[in-house]
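As the structure is a prediction and not an experimental result, all values here were calculated from the model. Letters A, B, ... mirror the listed sequences (proteins, then strands); counts begin at 1.
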Amino acid sequence: MKYILTPKNFLDVALTLESGQAFRWQRHGDIWTGVVKNKVCRIVQDGLTVRFTGFTREEFIEYFDLRLDISEIYENTFSTHAEIRHLPQKYNGLRIMHQDLYECMLSFMLATNTSIPHIKSMIAKLSELCGEKIAGGYYAFPTPERILKSREKLCTCKLGYRERYIVEIARRIVDGSIELEKIKCMDYEHAVSELRGVNGIGNKVSDCICLFALKHYEAFPIDRHILDRVCRAYSSDNGFP
DNA sequence: TGTCGACCTGG
DNA sequence: CAGGTCGAC
């Protein structure tokens, strides 16, 4: 499948997939391979031309949220402060992805207080342990039922203190006390308060989920790096960034 | 309501 | 220490 981008609404595949929004993509040369919705997907970009397999055209557009006029978000978010006004141009092609809510919830819960390589390793091991096997030695992201079934072996994924959180979330989804479909219908404020009611999910993670799965563009996840940069920007006459 | 230490694991 | 959160003051 082939998709032609426009300069106005550009997608930089590498920049976006390396940005820390998704943790299941790997690069081999100029081919990106990942698992989305139980399917192995591949993407190659050459300028404005993007070729892909695994997605339908519609799924591809949805995943990278290509219908969104990103410049509007940038305008609303960045134009009011001189210190960050140049960032949209610098990161041209960085898209806000639209990922699966369940996978996003677990992934960013796991992503607390650790490094990106460890995050990727945890998610890869979890998928290998109990995800459904799909093509070419790849595994789907495990359903809550499958996670619970593998409860005793979860220690092999090295989740650390996050293990009990992931078990609790899986259990609550199965027993219906977390209702993903309802969360999808909520506005930003309600979604945040619902997500914050889940053990292991705090301010930063709930904002990540809102931004990367629920399309609540007003969400603004504040992690260590953001905090550092904001502090630096407003502390003294240090250059910014 | 705001601050502070503990927390699994890996580099 | 690392792309935080929880529970106890």
TODO: Under a 3.5 Å limit for both distances, which nucleotide forms a Watson-Crick or G-U wobble pair with dG3(C), could you say?
DONE: none
Task: Base paired to dC8(B) (Watson-Crick or G-U; both N/O distances under 3.5 angstrom) - done: none
Expressed as a whole number of angstroms, how long is the span from [X]:[atom1] to [N]:[atom2]?
{"X": "L110(A)", "N": "dT9(B)", "atom1": "CG", "atom2": "P", "result": "13 Å"}
{"X": "K120(A)", "N": "dG11(B)", "atom1": "NZ", "atom2": "C1'", "result": "15 Å"}
{"X": "M109(A)", "N": "dC7(B)", "atom1": "CE", "atom2": "C1'", "result": "14 Å"}
{"X": "N113(A)", "N": "dA2(C)", "atom1": "CG", "atom2": "C1'", "result": "7 Å"}
{"X": "F212(A)", "N": "dG3(C)", "atom1": "CZ", "atom2": "P", "result": "14 Å"}
{"X": "I226(A)", "N": "dG4(C)", "atom1": "CD1", "atom2": "P", "result": "12 Å"}
{"X": "I166(A)", "N": "dG4(C)", "atom1": "CD1", "atom2": "C1'", "result": "16 Å"}
{"X": "R162(A)", "N": "dG4(C)", "atom1": "CZ", "atom2": "C1'", "result": "9 Å"}

TODO: Look only at the side chain of Q45(A) and the backbone of G47(A), and say whether a donor-acceptor pair between them is shorter than 3.5 Å.
DONE: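 A pair under 3.5 Å: yes.
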Open item on the list: Given 3.5 Å as the limit, does a donor-acceptor pair link the side chain of S150(A) with the main chain of K153(A), or not?
Closed with: no
Task: Parallel, tilted or perpendicular: ring planes of F60(A) versus F52(A), cut at 30 and 60 degrees - done: parallel
Looking at every strand, decide which applies to [X] at a 4.0 Å heavy-atom threshold: base, sugar-phosphate, or nothing.
{"X": "I201(A)", "value": "sugar-phosphate"}
{"X": "S19(A)", "value": "base"}
{"X": "G20(A)", "value": "base"}

If I pick the [atom1] atom on [M] and the same atom on [N], what distance separates them, to the nearest angstrom?
{"N": "dG10(B)", "M": "dC6(C)", "atom1": "C1'", "answer": "22 Å"}
{"N": "dT5(C)", "M": "dG11(B)", "atom1": "P", "answer": "23 Å"}
{"N": "dG5(B)", "M": "dC1(C)", "atom1": "P", "answer": "15 Å"}

Open item on the list: If you only use heavy atoms from C-beta on, which nucleotide in dC7(B), dT5(C), dT9(B) is closest to the side chain of H118(A)?
Closed with: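 Nucleotide nearest to H118(A)'s side chain: dT9(B).
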Task: Candidate nucleotides dC7(B), dG10(B), dC6(C), ranked by approach to the side chain of Y161(A) - the nearest - done: dC7(B)
Task: Centroid separation F78(A) to Y91(A) less than 6.0 Å - done: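 Distance test on ring centres: not under 6.0 Å, no.
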TODO: Answer with yes or no after comparing the ring centroid distance for Y188(A) and Y217(A) against a 6.0 Å cut-off, counting only values under it.
DONE: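 Aromatic pair excluded; centres sit 6.0 Å or further apart.
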- [ ] Taking only the side-chain nitrogens and oxygens of R164(A), find out if one of them lies under 4.0 Å from OP1 or OP2 of dT5(C).
- [x] no
Task: Along DNA chain B (nearest heavy atom to each residue), the more 5'-positioned of G160(A) and P117(A) - done: G160(A)
- [ ] Check R171(A), R172(A), E168(A) against S177(A) for a side-chain hydrogen bond (donor to acceptor under 3.5 Å, both in side chains) and give me the one that passes.
- [x] R172(A)
Open item on the list: Can you tell me whether the side chain of Y165(A) and the base of dG4(C) have a donor-acceptor pair closer than 3.5 Å?
Closed with: no
TODO: With DNA chain C as reference, determine whether H225(A) or N199(A) sits nearer its 5' end, using the nearest nucleotide of each.
DONE: H225(A)
